[in-house]
**Q** 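Input: one structure, supplied below.
Each chain gets a letter, A, B and so on, in the order the sequences are listed, and its residues count up from 1. Here the structure is a predicted model, which means the values were calculated and not measured.
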Amino acid sequence: MSGALAQFGQYVTDHHHWDGPRGIPHRTVEHLRLSVTAMVAAAAVALPLGAWLGHVRRGGVVVQWLVNIGRAVPSLAILAILFPLSLRYGFGLGFWPTVPALVVLAIPPMFANAYAGVRGVDPATVEAARGMGLRPAQVLSRVEVPTALPLILTGVRVATLQVIATATLSAYVGFNGLGSFINEGFRQQDDAKLLTGAVAVATVALTVDALFVLLVRRATPWRMASARPSRKGTT
Amino acid sequence: MVPALRLVAVSKRFPGARTDAVADLSLDMPEGTVTALVGPSGCGKTTTLRMINRLVEPTSGSIDLFGTDIRQLDVHELRRRTGYVIQQAGLFPHRTVAANIATVPQLLGWDKQRVRERVDQLVGLVGLDPELLGRYPAELSGGQQQRVGVARALAADPPLLLMDEPYSAVDPIVRAHLQDELLDLQRRVRKTIVLVTHDIDEALKLADQIAVLNIGGVLEQFATPDELLRAPASPFVEQFLGRERALRRLALQPVGTGPIGPVPEVVEGLPTVTTGAPLREALDAIVAWGVEQVVVVGDDGSPVGGLDLLTITERIGNAPSRRDTA
C-alpha cells in the first residue's frame with residue numbers, strides 16, 4: 001500500500017499528467033461541465049415543482065412515492081439503457097447518455113427538500129402574508145421560498161455531491177472526465193492512476209461542498225440571528 | 001351615518017361541517033371605534049374576523065366596508081387597505097424589522113424615501129427602539145415582535161385594523177403594557193379596530209363595544225362594556241363575564257366622568273383620588289382607610305369634590321334600596 005502511495009505521489013507530480021486532453025485539469029473541467037449540466041436540468045424540474053406542491057400543501061404521499069422510486073433506480077442501469085439509444089439517435093458517446101442518469105439521481109433530494117421546506121414554513125407567517133394582500137405567487141416567491149431557502153439549498157448540496165461522485169460512471173460510456181482515471185486505472189491495473197481519479201473526485205466534491213456552506217451563510221444571514229439570543233430584549 | 005364596517009346576516013358553514021361556524025351575524029361598527037369579538041373556542045370569532053379580509057368567504061350574508069360590499073373590491077386591494085395582526089405576529093423571519101414593516105407600502109409601490117420616513121414614524125408610534133430596525137425577528141422578544149406586527153399592519157395607514165388574539169402569546173405584564181400602548185395609539189390614530197379575544201377582561205379594557213358569541217357563532221349580546229356588566233342578556237353572558245361585575249364596572253368609569261359630591265368640610269386625614277382615576281380606586285380607598293368618603297382632587301392637586309359609598313353606588317345605577325334585588 002505504501003508502494004501505491006509512492007506511485008500515486010509520482011503520478012500526480014509528473015507534469016505530463018497535467019497537460020492535454022487526458023490531463024487532470026482538462027478532465028476536471030469536463031467532469032464539472034457534465035455535473036453542472038445535469039444539476040441545472042434537474043434543478044429546473046425539481047425545485048419549481050417541489051416548491052409549488054409545498055405551496056399548495058398537497059401531494060405529500062405522491063412526493064414520497066416519487067422520491068423513493070427515484071432513489072431506488074440505479075444510475076448504471078439508466079446508463080446501460082440510454083447508451084445504445086443515444087448512439088442510435090445521434091447523441092453520441094459519453095456526455096448525453098450520462099446526463100439523464102445524473103438528472104434522475106439529482107431530482108429526489110432537491111424535490112423532497114423544496115417540498116418539505118416550503119410546506120414547513122410557519123403557517124402564521126403565510127397567514128400574515130396572505131392577510132396583508134400578497135398574491136399567491138408573491139407569497140411563494142417573497143415569503144415561502146426565502147424562508148425555506150436553508151432546506152432548499154441543503155437539497156441542492158446533497159444532490160450536487162451525489163452527482164459529482166456518480167459522474168465517474170460516464171467513463172464507462174466513453175466520457176473523458178475524472179472517472180476515466182478510475183476506469184483506465186482499473187483496466188490497466190495502475191493503482192496510482194486509479195487513486196488519482198478517486199482523490200480528484202473527492203477533492204472536487206469537498207471543495208464544492210465548502211463553497212456551498214459559504215453560499216448558504218451568505219444567502220441566509222437571518223439564520224445566524226436566532227443564534228444570538230443575547231441580543232433579545234425583555235419586553 | 002354609514003358605519004365603517006357592517007355585517008348583515010353573515011353565516012359560514014365550512015364544507016363537510018354539520019353545523020354553522022357563524023350563524024346569521026349582524027353587527028355595525030362605527031368609524032373610529034374598537035369592537036371586540038369574544039367567546040369560547042369554537043364560537044366563530046376568528047372565522048368572523050377572517051371573513052372581513054376575505055381569508056374566509058361567507059356562505060351567506062354580506063359585509064360592507066364604508067358602504068361598499070367587500071365582494072366588489074379586489075381581494076388583494078381589500079387586504080392591503082386592512083391592517084391584520086395575528087397572535088404569533090407572523091413576522092417574515094428572513095427580513096429585517098424595517099423590511100417587515102415596509103411590506104405593504106412596498107406592495108403599493110411607494111418610493112424608497114417615503115417608505116423609510118413612514119417606517120421611522122411607525123417605530124415611534126408603537127414604541128419600538130429604532131436600533132431594532134436592522135435586526136431579524138428571531139432576535140426580538142415576544143412583546144417586541146408584537147409591536148413590529150402592529151407597526152407592519154398600520155404601515156399603509158389603513159382605516160381598518162383586524163387583530164386576532166394579538167396579545168395572548170405574551171406574558172401578563174407585557175400584555176398589560178401592550179394593551180395600554182394600544183389604547184394610547186388608538187387615541188392618536190382613531191382606527192376602526194376589530195379585536196378577537198377569548199379574554200373578557202382584555203375586551204372590557206380595550207373595546208368600545210363587545211360582541212359576545214356562543215358556540216356555533218350565535219350572538220348572545222352586543223353592547224358596551226358597561227352595559228354588558230350591568231345587564232348580561234343571558235346566563236351564558238353572565239357566566240362568561242365572571243364574578244365581581246359591579247367592581248369591574250367601577251374600574252371602567254373614571255371619577256371625573258359623572259356626578260360627585262361637594263368637597264368634604266374637613267379634608268385632613270382623608271384619602272384623595274384624582275378625577276382621572278377609576279371609581280374603583282375611590283372605593284378601594286374608602287375600604288382601605290375605613291372612612292366615609294374620599295376627596296376628589298384635580299390635576300393640580302386641589303380638592304374639587306368628594307365621593308362617598310352612596311354616590312359611587314349611584315354612579316353605576318344601583319340605589320341601595322335596590323341592592324337586594326339587583
**Q** Between A/P221 and B/Y136, is any pair of side-chain heavy atoms under 4.5 Å apart?
**A** yes
**Q** Tell me the closest heavy-atom pair linking B/G90 and A/A128, and the distance in Å.
**A**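 Looking at all heavy atoms of both residues, the shortest contact is O-CB, 3.4 Å.
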**Q** If you count heavy-atom pairs under 4.5 Å with chain B, which of A/P146, A/G131, A/P123 comes out on top?
**A** A/G131
**Q** Can you list the residues of residues 69-82 of chain B that sit under 4.5 Å from chain A, counting heavy atoms only?
**A**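 Residues in range: B/D74, B/H76, B/R79, B/R80, B/T82.
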**Q** So do the side chains of A/E127 and B/Q88 get within less than 4.5 Å of each other, counting heavy atoms only?
**A** no
**Q** For the atom pair CE (A/M132) and CZ (B/R152), what is the distance rounded to the nearest 0.5 Å?
**A**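 With rounding to 0.5 Å, CE (A/M132) is 3.5 Å from CZ (B/R152).
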**Q** If you count every heavy atom of other residues, nucleotides or ligands that lies below 6.0 Å from A/Y172 atom OH, does the total exceed 12?
**A**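 At most 12 heavy atoms, drawn from other residues, nucleotides or ligands, come within 6.0 Å of this atom.
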**Q** Got more than 12 heavy atoms from elsewhere within 6.0 Å of CH2, A/W52?
**A** no
**Q** Look at atom CG of A/L214 and say whether more than 12 heavy atoms of other residues, nucleotides or ligands are closer to it than 6.0 Å.
**A**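 Atom CG in A/L214 is packed in, count exceeds 12.
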**Q** Just checking A/R58: does its CZ atom have more than 12 heavy atoms from other residues, nucleotides or ligands closer to it than 6.0 angstrom?
**A**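 Atom CZ in A/R58 is not packed in, count stays at 12 or less.
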**Q** Relative to chain A, which of B/L162, B/V104, B/L107, B/N53 shows the most heavy atom pairs under 4.5 Å?
**A** B/L107
**Q** With a 4.5 angstrom heavy-atom cut-off, is it the side chain or the backbone of B/I86 that approaches chain A, or both, or neither?
**A**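 The side chain, not the backbone.
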**Q** Which atoms of B/R50 are under 4.5 Å from chain A, going by heavy atoms: the side chain, the backbone, both sets, or neither?
**A** side chain
**Q** Looking at A/D122, A/V121, A/V126, A/L134, which has the largest count of heavy-atom pairs under 4.5 Å with chain B?
**A** A/L134
**Q** Got more than 12 heavy atoms from elsewhere within 6.0 Å of CZ, A/R217?
**A** no
**Q** Does B/F66, at its CZ atom, have more than 12 non-hydrogen atoms belonging to other residues, nucleotides or ligands within less than 6.0 Å?
**A** yes
**Q** Could you walk me through whether B/L55 and A/R130 pass the side chain to side chain contact (heavy atoms under 4.5 Å, CB included) test, one step at a time?
**A** CA-CA 8 Å; B/L55 285 170; A/R130 294 181 62 213; 3.8 Å; yes
**Q** Can you confirm whether more than 12 heavy atoms, excluding those of A/R218, are under 6.0 Å from its CZ atom?
**A** no
**Q** Does the side chain of B/F92 come within less than 4.5 Å of A/T125's, by heavy atoms?
**A**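 Side-chain contact under 4.5 Å: yes.
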